[in-house]
K.L.:
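Mind looking over this structure? Questions follow.
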Amino acid sequence: MTNTDLKALELLFQRPLEPAFTTRDSGKTVLELPDSFYTDRYRNDTEEVGNRFSKDVDLKIPIQELANVPNLDFTNKIGLKNQFSLFNNRHREIASELITLFMGAPNLRQFVSLSVYTKDRVNPVLFQYAYAVAVAHRPDTREVPITNISQVFPSNFVEPSAFRDARQEANVIGESGARVHVDIPQNYTASDREDEQRLAYFREDIGVNSHHWHWHLVYPTTGPMEVVNKDRRGELFYYMHHQILARYNVERFCNNLKKVQPLNNLRAEIPEGYFPKILSSVNNRTYPSRVTNQKLRDVDRQDGRVEISDVERWRDRVLAAIDQGYVEDTSGVRTPLDEVRGIDILGNMIEASPVLSINYNFYGNLHNEGHNLISFAHDPDYRHLEDFGVMGDVTTAMRDPIFYRWHGFIDTVFNKFKTHLNPYGAGELNFDGVTVDYIEAKIGKSNTRANTLLTYWQKSSADLAAGLDFGPSADGNIFASFTHLQNAPFTYTFNVTNNGPRRTGTCRIFICPKADERNQPLTLEEQRVMAIEMDKFTVDLVPGENSIRRQSTESSVAIPFERSFRPVGADYQPKAADELARFRFCGCGWPQHLLLPKGNAQGMLFDLFVMISDYSQDSVQQPKTPNDACSTAYSFCGLKDKLYPDRRTMGYPFDRRLPNASLSELVGAFGNMAKTDLRIVFNDRVIDKA
Ligand code: CUO
């Protein structure tokens, strides 16, 4: 790949609403389009328009003519100024066709041309989605980093008055290159009259929402088979969302709120209202709100129909299949829901992926249509010409309290299946001759106590300029400052005795809440479903004593802040090939700043649990593909082009019932496990990022 190809592809993530011929990269670069690429609006003025934007640039990238001009009529059903939703069946089919078109471009140059040509002719959100999926999956675009969605469409992530400030600052400061800082307020969606507001720092976190977008980008439900049919994708759909729920419930306890009430009655009033206030970039309108005590109603709109009774019927069929222990395909052939494949089958069937579901007609589209019912509750028959609410879009859904009630319901369905399986037995849990003698987690600084960890607020900034279409005068960086939860980095230390030969183990670290919001102790079964995965890695065990140390920043769950919000533009990319490889496709992962739950001012108690399992039963034979350097967040995101690197079911050992009455009994019975009390202290101070 030449530098210009790379650059052209990257530029297409910038200024999503402006025509492809406008300048990009802070006014330094322009794409030179063949005349045939100009849309009707500009066709008669190609020369003038082209000259105007290519006057003072450093680099002009000529775009090749297309060998085959595609017919894009299939995209017309999504107007240029409409919202685009991955939960909408028609939108998804159109996106799938567009992804297939992009994947089919015969070579890189033609892919660039096709993308440029398409960009100005289809809905910009649809384009950015399908384009990002193609860049993530085409073998010849491995080196292209995918710009974080919060930078492409920043208005979906931050309070809009900040943009007024940004626009103003940009106009005043002009092209001087000065770095503009705008402050994004915290707590702007509701007052503290609303109890749910206590969790706004979690739900409205930019890193949380961009992780969720990135996950769905890596695991689409439709498109070419090589893109959709990934190893254990259904199971990962269950597990990633299950972990979000576990984390959210624990955060609720930290804030004296009871755990989420799953949305299992679709006909009851929904007490949680939500007024998102954020703007949709494509039509400059705020996302619609949902009032307190709204009821769901059948949705009957031009862009989609779904009845509450459809969703209830699919729910009942899925639950019946789980109780029966098997699913039936379209010809009536039964597949048992066993402990190895069952969860993966259910994940693809419940989400649902029309191409991977074992029987899409019969088991339906339970989870996606639930999103639709909820996201159109304010205008189910389109009489007010309103678009969907935040639940209709994977970039914004996690902001709404109802997301956790709907996914809480979906999670109870999966957990029902897991509860039907036999509890784990000794043969599946122990690792003969391996004993964990001691564990601790400790903040790096001296004078800190072991097993007391710290959270606080931090003020950070990210460059959101890529997505802001402010016209040429606003070229340059626009830094948005926002306040988010943060944790002080810490180190785990384990002492392990190996009474056997040299061997390998998998170290699995979780934290489990000990008590609920009323300080009532939790049973092991309750702790199990709220166990938060913190890290997972292999360890080499020599005979005798082993001391293992691991940094919290190495977690297999999370990615660092800098990776969630890396700056956009070729200037920021590493030049060396291996570093570049690490750089690309690394945006999926839980934000490191939310690795720990908030805890509370007095110090909230948790069980820190560690288990070392037998690697010979965990390991996976990988096909020989080039090493993916970006593998740090594989627990939630898997490895690109590879098998999921842990043979155990996801969440092991907490995904199934356990043979003991309490966590103490469990670790007492198995020497390869240990636990200790962990205290998380929240310090209510805002610290500026150094
Ligand atoms: Cu991720 Cu419902 O699947 O939002």
Side-chain angles (χ1 to χ4, degrees), residues 83-89 91-92 95 125 129 132-133 149 156-157 202-205 207-223 228 230 232-248 260 262-264 266 272 274 276 287 290 296 304 306 311 314-315 318 343-344 346-354 356-357 364-377 388-415 587-591 633 635-638 650:
Q83 289 275 58
F84 165 76
S85 170
L86 278 180
F87 298 117
N88 178 300
N89 291 335
H91 292 196
R92 220 173 28 221
V125 191
Y129 169 71
V133 172
I149 191 74
N156 288 14
F157 290 81
F202 180 98
R203 291 195 313 264
E204 292 165 6
D205 185 88
V208 162
N209 285 283
S210 62
H211 158 69
H212 185 236
W213 162 79
H214 211 120
W215 191 91
H216 282 279
L217 183 80
V218 183
Y219 294 98
T221 51
T222 45
V228 177
K230 297 205 172 79
R232 294 170 72 182
R233 99 169 270 299
E235 183 176 11
L236 204 47
F237 170 76
Y238 143 73
Y239 185 61
M240 196 283 289
H241 290 88
H242 165 76
Q243 279 291 305
I244 287 176
L245 252 290
R247 286 177 168 274
Y248 191 66
V260 165
L263 188 69
N264 40 28
L266 297 174
E272 297 86 0
Y274 187 65
Y287 278 82
R290 186 182 57 255
L296 302 182
V306 58
V311 176
W314 298 328
R315 171 193 69 193
V318 168
I343 190 70
D344 193 46
L346 285 173
N348 286 328
M349 181 175 119
I350 289 172
E351 186 180 359
S353 163
L356 297 178
S357 170
N365 193 4
L366 178 58
H367 149 269
N368 289 336
E369 293 289 20
H371 271 270
N372 288 330
L373 276 181
I374 295 165
S375 73
F376 288 122
F388 53 74
V390 289
M391 270 291 274
D393 186 343
V394 292
T395 57
T396 52
M398 288 185 68
R399 312 175 83 86
D400 188 336
I402 199 72
F403 173 92
Y404 305 85
R405 294 197 58 206
W406 179 238
H407 270 276
F409 161 70
I410 295 293
D411 200 53
T412 58
V413 176
F414 287 123
N415 192 41
C588 187
W590 190 249
S635 285
F636 289 0
C637 300
M650 297 176 198

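Ligands are counted one by one from 1 in listed order, and the atoms in each one are counted from 1 as well. Heads up: numbering here begins at 1 and tracks the sequence.
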K.L.:
What's the atom name of the N, O or S in H212 nearest to atom 1 (Cu) of ligand 1?
P.N.:
NE2
K.L.:
Quick check on atom 1 (Cu) of ligand 1: does H241 put an N/O/S atom closer than 2.8 Å to it?
P.N.:
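H241 does place an N, O or S atom closer than 2.8 Å to atom 1 (Cu) of ligand 1.
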K.L.:
With a 4.0 Å cut-off, would you call R233 and E351 a salt bridge?
P.N.:
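So R233 pairs with E351 through a salt bridge.
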K.L.:
Relative to the heavy atoms of F87, which atoms of ligand 1 are at a distance of less than 4.0 Å?
P.N.:
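Answer for ligand 1: 4 (O).
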K.L.:
Identify the heavy atoms of S85 and N372 that sit nearest to each other, and give their distance.
P.N.:
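Closest approach of S85 to N372, heavy atoms only: OG-OD1, 4.5 Å.
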K.L.:
Under 6.0 Å between ring centres: does that hold for Y219 and F237?
P.N.:
no
K.L.:
At under 4.0 Å between heavy atoms, which part of W406 makes contact with ligand 1: side chain, backbone, both or neither?
P.N.:
neither
K.L.:
Measure across Q83 and Y287 and return the closest heavy-atom pair with its distance rounded to 0.1 Å.
P.N.:
NE2-CE2, 3.3 Å
K.L.:
For atom 1 (Cu) of ligand 1, find the closest N/O/S atom on H216 and give its atom name.
P.N.:
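The atom in question is NE2.
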K.L.:
As an exercise, identify every atom of ligand 1 less than 4.0 angstrom from a heavy atom of F237.
P.N.:
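What qualifies from ligand 1 is 3 (O).
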K.L.:
Using the rule given for side chain to side chain donor-acceptor pair (under 3.5 Å), can you reason through E235 versus N348, listing the C-alpha separation, both sets of side-chain angles and the distance that settles it, and then say yes or no?
P.N.:
CA-CA 8 Å; E235 183 176 11; N348 286 328; over 6 Å; no
K.L.:
Would H407 and H367 count as having a side-chain donor-acceptor pair, cut-off 3.5 Å?
P.N.:
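H367 and H407 do have a side-chain donor-acceptor pair below 3.5 Å.
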K.L.:
Closest N/O/S atom of H371 to atom 2 (Cu) of ligand 1, by atom name?
P.N.:
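That would be atom NE2.
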K.L.:
Which value, rounded to 10°, describes the NE2(H407)-atom 2 (Cu) of ligand 1-NE2(H367) angle?
P.N.:
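Between NE2 of H407 and NE2 of H367, the angle at atom 2 (Cu) of ligand 1 is about 90°.
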